[in-house]
Amino acid sequence: MLNTLPLAAPNGANLQVTSLTTIPAEFIFDRYAQNIIGGNRHIYDTLEVHGVRSYEAGFDDATHYEIDNLNPTTFSVYIRLKGEGVECVGDFTRYADAVQYGTELSAQYSWPMRNFVLDRFRMTTIAKLQ
């Protein structure tokens, strides 16, 4: 998955990368669902929250992103196309921000939200927020 948005590791993230170069840290709070959805809400049916890892692969100048729910460096919100994959609608440094945005979109569009981030991470983060 290629993307031009720079992503980075939040404090306390456990990034396990072998031969890849990790992208430098910066704060991310990007919400862009309205630009993706437009007037086509009928082609989507579910929201998803995933952990994401960003890296430079070394064979090109692009930043690459992959879903990594075990050791994420950032978090993204996706909308699922009916039977055809997902599109990213938000990128966040903090897990809580991604969940909040997904919850807002779920209420706005009456779509269910599925959270794929590892339960161990979710429970640790929620405990810290309280």
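The residues of the chain are indexed from 1 along the displayed sequence. Owing to the predicted nature of the structure, the values given are computational and were not obtained by experimental measurement.
Residues Phe92 and Asp97 share a closest heavy-atom pair of CD2-CB, 3.6 Å. Taking both residues in full, the closest heavy atoms of Leu70 and Pro72 are given as C-CD, 3.5 Å, listed atom of the first, atom of the second, then distance. The minimum heavy-atom distance linking His50 with Ile67 is given by the pair ND1-CG2, 3.5 Å.
Remark: Ile36 pairs with Tyr32, Tyr44, Ile79, Glu87, Val89 by the side-chain contact (heavy atoms from CB on, under 4.5 Å) rule, at least two apart or across chains.
A distance-only check finds no donor-acceptor pair linking the side chain of Ser54 to the backbone of His64 [under 3.5 Å]. One N or O on the side chain of Thr93 and one on the backbone of Ile28 form a donor-acceptor pair closer than 3.5 Å. Proximity of a side-chain donor or acceptor of Asp91 to a complementary backbone N or O of Ser76 within less than 3.5 Å is not detected.
Phe27 contributes atom CZ, which lies 4.5 Å from atom CZ of Arg94 (distance to the nearest 0.5 angstrom). Between the CG atom in Leu105 and the CE atom in Met113 there is a gap of 9.5 Å [rounded to 0.5 Å].
Within the structure, side-chain hydrogen bond (donor to acceptor under 3.5 Å, both in side chains) pairs that include any residue of residues 98-107 comprise Arg31-Glu104, Gln100-Glu104 (at least two apart or interchain). Residue pairs meeting the salt bridge (charged side-chain N to carboxylate O under 4.0 Å, His left out) criterion with at least one partner in residues 35-48, sequence neighbours excluded, are Glu48-Arg80.
Residues Tyr95 and Phe75 place their aromatic rings such that the two centres sit under 6.0 Å apart.
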